[in-house]
Amino acid sequence: RLYANAVKYGVDRINEAGGFNGEPVQVTEYDNAGGAPDAADKFRKAVSEGVDIIFQGASSAIAGQLTEDVRKHNIRNPGKEVIFINLGGDAMELTGQKCQFYHFRYTATAPMRVNAMVSAMKDAGDLGTKVYSINQNYSWGQDMQAAVAAAAATGGYKVVDEVLHDVNKIQDFAPFVARIKSAAPDTVFTGNWSNDLLLLMKAVGDAGLDVTFATAFLDQPGNIANAGKTALGHYIANNYDNAATDGKFAETYKKATGHYPIFVEGHSTFALGALQQALGTVNFGGGAINVTQIALALESTTYQTPLGPVSVRKEDHQTIRPIVVSKVVKNPKYPADGTDMGFETVKVIPGDKAIYPVQESCRMERPQQ
């Protein structure tokens, strides 16, 4: 729902400014039911209904399905291409071996988040020299584990142990916490989300372990309320945080939607802002829309967000964006989940410092001009 909120907000801004190609931009929602097969079915339906741009978030598996569907469709249907704007599929392979011209990723990957957290936590004196890595056993978790290991030299820490576990199947993390306790780390890095994050944090709290969590999804709605005081002092690296800005965008968004932007809404809105800026540079005179020209415009767009510039790297279409590192505190400016806790900005890492080299596995085929 949060991704849909952001897309609607962004499209409303486009239409308020006059729409595109002489008419309002239309949004149609398709429910992928959380699975790749359903996503493939909905993609076919969207294409049959004349969709030009697809937005999707919240699953690397679904993003992987969609980017392949888009690639194949565009090969088979020259002149009727579709763009896929990825708002939440974080797996490295999407801008690695699966990279393709019509896929644009507007969210941070594991190394971007991990490197940002290592930098901020080290500067704050909260990183320590012993790190534990625990993640879900699929593409995202594996990327996180690799990123934590790769950042050890820069961070000046040793990875004392690392674990990959089943996704959202574990009800009792006590055995994992016992293993963490025996390793005696200063910091626990985890890309876990949903119950796998909450239950892990609660188990650590119940065991009385004094460790700092470095997370990617602690700001998921409900997490602070459910974790309670256990969340205090722990870190997150994300694409956006209201507290890291002057608040003007947050107030504008609240006026339009009834609430401040949370979790994925901020960066998703900025992706729509980049699209609006790109659309402003192409003109089809009310005639047929050339999606390839829109894609070329989008990859040349630098959008100024409240955190700094956001652009897309032409070689792999990975976003280059600032990363915000925050810590959970009491009485923040923007409380989370109706509690007296929320996020305080520790450090904003500029996009050019957060990004990494293009993966060697990316062999993007560009359209012939």
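Just the heavy atoms: all of them, side chains too, but no hydrogens, waters or symmetry mates, feed the values below. Just so you know, residue 1 is the first one in the sequence shown, and it goes up from there.
D340 contributes no side-chain N or O that, together with a main-chain N or O of K330, makes up a donor-acceptor pair within less than 3.5 Å. Using a distance-only test at 3.5 Å, with no hydrogens or angles considered, a donor-acceptor pair links the side chain of T257 to the main chain of H259. Not a single donor-acceptor pair under 3.5 Å links the side chain of S311 to the backbone N or O of T302. Counting only distance, with no hydrogens or angles, the side chain of T345 and the backbone of K347 share no donor-acceptor pair below 3.5 Å. Listed for the D161 side chain is no donor-acceptor partner under 3.5 Å among the backbone atoms of Y132. Counting only distance, with no hydrogens or angles, the side chain of D316 and the backbone of V358 share no donor-acceptor pair below 3.5 Å. A donor-acceptor pair is defined here as one N or O able to donate and one able to accept, closer than 3.5 Å; such a pair exists between the side chain of K122 and the backbone of T154. One N or O on the side chain of N74 and one on the backbone of V82 form a donor-acceptor pair closer than 3.5 Å. Here the side chain of T339 pairs no donor or acceptor atom with the backbone of P335 at under 3.5 angstrom. Using modelled atom types, no side-chain atom of N195 and backbone atom of N168 make a donor-acceptor pair closer than 3.5 Å.
In summary, the side chains of T292 and Y102 do present a donor paired with an acceptor at a separation below 3.5 Å, with no hydrogens or angles considered. A donor atom on one side chain and an acceptor atom on the other are not found under 3.5 Å apart for Q145 and N135. Side-chain contact, T212 with D126: no donor N or O sits under 3.5 Å from an acceptor N or O. At a cut-off of 3.5 Å, with distance as the only test, a side-chain donor of E251 or Y260 sits close to an acceptor on the other residue. A side-chain donor-acceptor contact under 3.5 Å links Y356 and T109.
Between N86 and A63, the shortest heavy-atom contact is ND2-CB, 4.2 Å. Taking both residues in full, the closest heavy atoms of S139 and A91 are given as OG-CB, 3.6 Å, listed atom of the first, atom of the second, then distance. Taking every heavy atom of both residues into account, I294 and I83 meet most closely at CG2-CD1, 3.8 Å. Scanning both residues, M117 and A237, for their nearest heavy atoms gives CG-CB, 3.4 Å. A pairwise comparison of heavy atoms in P322 and V310 identifies CD-CG2, 4.0 Å as the closest pair. Of all heavy-atom pairs spanning A39 and L66, the tightest one is O-CD2, 4.1 Å.
Rounding to the nearest 0.5 Å places CG of L200 at 5.5 Å from OG1 of T190. Taken to the nearest 0.5 Å, the OH atom of Y334 stands 9.0 Å off from the CG atom of D241. Here the CD atom belonging to Q56 is positioned 4.5 Å from the CZ atom belonging to F84, to the nearest 0.5 angstrom. To the nearest 0.5 Å, atoms CG (N15) and CD (Q26) are separated by 9.0 Å. To the nearest 0.5 Å, the span separating NE2 on H165 from CZ on F173 amounts to 4.0 Å. One distance of note links CG of N239 with CG of D219; it measures 9.5 Å at 0.5 Å rounding.
The hydrophobic cluster containing L199 also contains F213, counting ILVMFWY residues as joined when their side-chain heavy atoms lie under 4.5 angstrom apart, directly or transitively. Clustering ILVMFWY residues whenever any of their side-chain heavy atoms sit less than 4.5 angstrom apart, transitively, puts V211 in a cluster other than the one holding Y157. Both I54 and I289 are assigned to one and the same hydrophobic cluster, defined by single-linkage of ILVMFWY side chains at heavy-atom distances under 4.5 Å. V329 and Y235 fall into different hydrophobic clusters, defined by Ile, Leu, Val, Met, Phe, Trp and Tyr side-chain heavy atoms under 4.5 Å apart, directly or through other members. No continuous path of ILVMFWY side-chain contacts below 4.5 Å connects I349 to V324, so the two sit in separate hydrophobic clusters.
The environment of E360 atom CD is sparse: at most 12 non-hydrogen atoms of other residues, nucleotides or ligands sit within 6.0 angstrom. The number of heavy atoms from other shown groups lying within 6.0 Å of CG (D246) is above 12. The local environment of CD in E49 is crowded, with over 12 non-hydrogen atoms from other residues, nucleotides or ligands closer than 6.0 Å.
The shortest distance between side-chain heavy atoms of T245 and Y240 falls below 4.5 Å. Between T95 and C362, the closest side-chain pair of non-hydrogen atoms is not below 4.5 Å. Side chains of V312 and T301 form no contact here, defined as non-hydrogen atoms less than 4.5 Å apart. Counting heavy atoms from C-beta outward, R113 and N238 have side chains that approach closer than 4.5 Å. Residues L218 and L197 form a side-chain contact, since some pair of their non-hydrogen atoms from C-beta on lies under 4.5 Å apart. At a threshold of 4.5 Å between non-hydrogen side-chain atoms, the residues I170 and F176 count as touching. By the 4.5 Å heavy-atom criterion applied to side chains, H103 and V70 are not counted as neighbours. Using a 4.5 Å heavy-atom cutoff, the side chains of T107 and H267 are in contact.
Using a 30° and 60° split on the angle between ring planes, Y138 and W193 fall in the perpendicular class, above 60°. Taking the six-membered ring where tryptophan is involved, the planes of Y106 and F104 are essentially parallel, since the angle between them stays under 30° and well short of 60°. Using the six-membered ring where Trp is involved, Y303 and F270 have ring planes that are tilted, between 30° and 60° apart.
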(request) Dump the intermediate steps for side chain to side chain contact (heavy atoms under 4.5 Å, CB included) on V264 and L87, then the final yes or no. (result) CA-CA 8 Å; V264 299; L87 302 174; over 6 Å; no
(request) Give the intermediate values and the outcome of side chain to side chain contact (heavy atoms under 4.5 Å, CB included) for residues F284 and F20. (result) CA-CA 9 Å; F284 303 123; F20 175 66; 3.7 Å; yes
(request) Please test K8 against V27 for side chain to side chain contact (heavy atoms under 4.5 Å, CB included), starting from the C-alpha separation and ending with a verdict. (result) CA-CA 7 Å; K8 182 181 183 304; V27 177; 6.0 Å; no
(message) Evaluate I53 against V25 for side chain to side chain contact (heavy atoms under 4.5 Å, CB included), listing each step before the verdict.
(response) CA-CA 11 Å; I53 300 174; V25 175; over 6 Å; no
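Using a 4.0 Å cut-off between charged side-chain N and carboxylate O, K202 and D206 make no salt bridge.
Here L94 is tied to no hydrophobic group at all, with no ILVMFWY side chain closer than 4.5 Å.
Checked against a 6.0 Å centroid threshold, the rings of Y9 and Y253 count as neighbours. Ring centroids of W140 and F217 are separated by less than 6.0 Å, placing the two rings close together.
Checking R71, K72, Q65 one by one against D69, the side chain to side chain donor-acceptor pair (under 3.5 Å) holds for a single residue, Q65. For the side chain to side chain donor-acceptor pair (under 3.5 Å) criterion with E299, the lone passing option out of K314, R313, R366 is R366.
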